[in-house]
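The structure under discussion appears below in the form of structure tokens.
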Amino acid sequence: KAWLIVQQSPIRGHGWGSYPYQSFMMDTHPSVDHRPRFNVLFNHSHNIVLQLLSEMGLMGLVAVSGSLLYCIKNLLKNPAGMENLFLLSLITISVCHSMLEYPLWYGYFFIPFMIFVALAAPETQSAAPTRPLARWGIGLTSALLLFTTASLWQHYNRVIELTTNSHLDTEQDIAQRADQLVALGNQFYLLQNLTDFSAIQYLPTLDTKHADELPSLALPVSKRY
């Protein structure tokens with residue numbers, strides 16, 4: 001579908017963020033209308049090259065890829081150097097990942113990627129020695145981030161527990177799982193998208209014939225998600 005969308009406007013594309021609409025409209029195309037459907041509307045082509053081509057065309061693809069190459073040109077002058085090889089490897093991981101998925105559309109992939117690209121820039125001035133106060137600040141911030149990561153990992157495992165083997169539960173158990181997922185999301189904002197999605201997945205399993213029979217969390221959580 002992405003390639004068919006690209007062929008409709010190969011030079012300028014259809015506009016940033018337009019792929020979900022174009023993908024939906026392309027479902028009626030003779031080349032794809034006979035293929036099996038998933039119950040999900042994918043809003044990305046799972047390939048960064050096709051995505052950029054469909055939304056920004058050849059002009060956008062050249063601008064983005066050319067800018068990236070310009071930023072890392074210092075690494076390419078001596079790719080065998082240990083530091084350069086390390087940074088190139090880190091950048092290449094996200095580039096390869098982007099051929100089959102869309103990691104750079106998520107902040108937690110995009111931010112490290114841009115840090116690696118920024119580190120590839122040539123030094124324009126000599127590095128000044130770090131002051132003791134700054135070193136303490138960096139150390140405390142790092143410790144806080146590591147603690148936050150460990151805490152999120154612990155609660156992420158709790159989310160996995162609440163979404164595993166749920167088919168063995170009664171309706172009351174499923175409703176309790178959904179309530180606990182929403183409570184976790186309200187407490188830990190970085191997990192809220194996952195907990196909301198998981199809670200919504202339980203709604204079709206409940207034996208409800210009318211909207212007023214849905215649990216109280218159904219409408220607000222669905223709207224938020």
Side-chain angles (χ1 to χ4, degrees), residues 1-6 10 13-24 26 37-76 79 83-121 141-142 144-160 163-164 181 184-185 188-201 224-225:
K1 284 200 295 184
W3 182 240
L4 291 171
I5 293 169
V6 171
H14 296 272
W16 184 254
S18 64
Y19 186 83
Y21 172 78
Q22 295 297 334
S23 175
F24 179 76
M26 192 56 69
R37 291 291 193 280
F38 295 98
N39 61 349
V40 181
L41 174 63
F42 282 174
N43 58 10
H44 200 286
S45 67
H46 289 63
N47 181 287
I48 194 169
V49 175
L50 289 174
Q51 188 75 14
L52 291 173
L53 280 172
S54 62
E55 295 192 347
M56 303 170 68
L58 188 60
M59 294 170 60
L61 178 65
V62 170
V64 172
S65 56
S67 298
L68 175 62
L69 287 173
Y70 177 80
C71 290
I72 65 172
K73 66 178 182 179
N74 191 51
L75 301 182
L76 301 176
E83 295 87 354
N84 291 0
L85 180 62
F86 182 63
L87 279 174
L88 278 173
S89 300
L90 293 173
I91 292 169
T92 303
I93 288 171
S94 286
V95 173
C96 292
H97 190 184
S98 299
M99 295 297 107
L100 300 167
E101 262 288 348
Y102 47 105
L104 299 182
W105 269 249
Y106 293 101
Y108 42 80
F109 284 117
F110 182 73
I111 292 172
F113 179 79
M114 292 310 299
I115 290 174
F116 302 147
V117 172
L119 289 172
T141 302
S142 300
L144 178 62
L145 290 172
L146 287 171
F147 174 79
T148 303
T149 302
S151 176
L152 281 174
W153 175 76
Q154 178 186 359
H155 291 96
Y156 175 79
N157 284 333
R158 178 59 181 153
V159 174
I160 298 303
T163 55
T164 303
L181 283 167
L184 265 175
F188 300 97
Y189 178 76
L190 292 176
L191 293 175
Q192 193 169 68
N193 185 263
L194 174 63
T195 56
D196 284 354
F197 173 76
S198 301
I200 291 169
Q201 296 304 300
R224 181 170 65 197
Y225 180 72

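Computed over heavy atoms, backbone and side chain alike; hydrogens, waters and symmetry mates excluded. Just so it is clear, the structure is predicted and the values come from calculations on it, not from any experiment.
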Any side-chain heavy atom of [X] within less than 4.5 Å of one from [Y]?
| X | Y | answer |
| --- | --- | --- |
| L152 | L191 | yes |
| F188 | V159 | no |
| M56 | L61 | no |

Which heavy atom of [X] sits nearest a heavy atom of [Y], and at what distance?
| X | Y | answer |
| --- | --- | --- |
| P20 | E55 | CD-OE2, 4.5 Å |
| S54 | V6 | N-CG2, 3.6 Å |
| T164 | I160 | OG1-O, 2.5 Å |
| P79 | L88 | CB-CD1, 3.9 Å |
| G185 | T195 | CA-OG1, 3.2 Å |

Do the ring planes of [X] and [Y] sit parallel (below 30°), tilted (30 to 60°) or perpendicular (above 60°)?
| X | Y | value |
| --- | --- | --- |
| Y225 | F197 | tilted |
| H44 | H46 | perpendicular |
| Y106 | F109 | perpendicular |

Original post:
side-chain contact (heavy atoms from CB on, under 4.5 Å) with V117: which of C71, P112, S94?
Top reply: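 Between V117 and the candidates, side-chain contact (heavy atoms from CB on, under 4.5 Å) is satisfied uniquely by C71.
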Calculate, to the nearest 0.5 Å, the distance between atoms [atom1] and [atom2] belonging to [X] and [Y] respectively.
| X | Y | atom1 | atom2 | answer |
| --- | --- | --- | --- | --- |
| L146 | T141 | CG | OG1 | 11.0 Å |
| Y102 | Y19 | OH | OH | 11.0 Å |
| I48 | L104 | CD1 | CG | 5.0 Å |
| N74 | N84 | CG | CG | 6.5 Å |
| S89 | L85 | OG | CG | 4.5 Å |
| L181 | T163 | CG | OG1 | 7.0 Å |

Original post:
So, Y21 versus H14, ring centres under 6.0 angstrom or not?
Top reply: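 When the ring centroids of Y21 and H14 are compared, they turn out to be at least 6.0 Å apart.
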Quick check against the 3.5 Å criterion: does [X] have a side-chain atom that pairs as donor or acceptor with the backbone of [Y]?
| X | Y | answer |
| --- | --- | --- |
| Q51 | S45 | yes |
| S151 | T148 | no |
| N47 | M99 | yes |

Could you check whether atom [atom1] of [X] has more than 12 heavy atoms from other residues, nucleotides or ligands sitting under 6.0 Å from it?
| X | atom1 | answer |
| --- | --- | --- |
| I111 | CD1 | no |
| Y156 | OH | no |
| W105 | CH2 | yes |

**OP:** Quick one: do V95 and F113 satisfy side-chain contact (heavy atoms from CB on, under 4.5 Å)? Show the steps, please.
**Re:** CA-CA 9 Å; V95 173; F113 179 79; 4.3 Å; yes
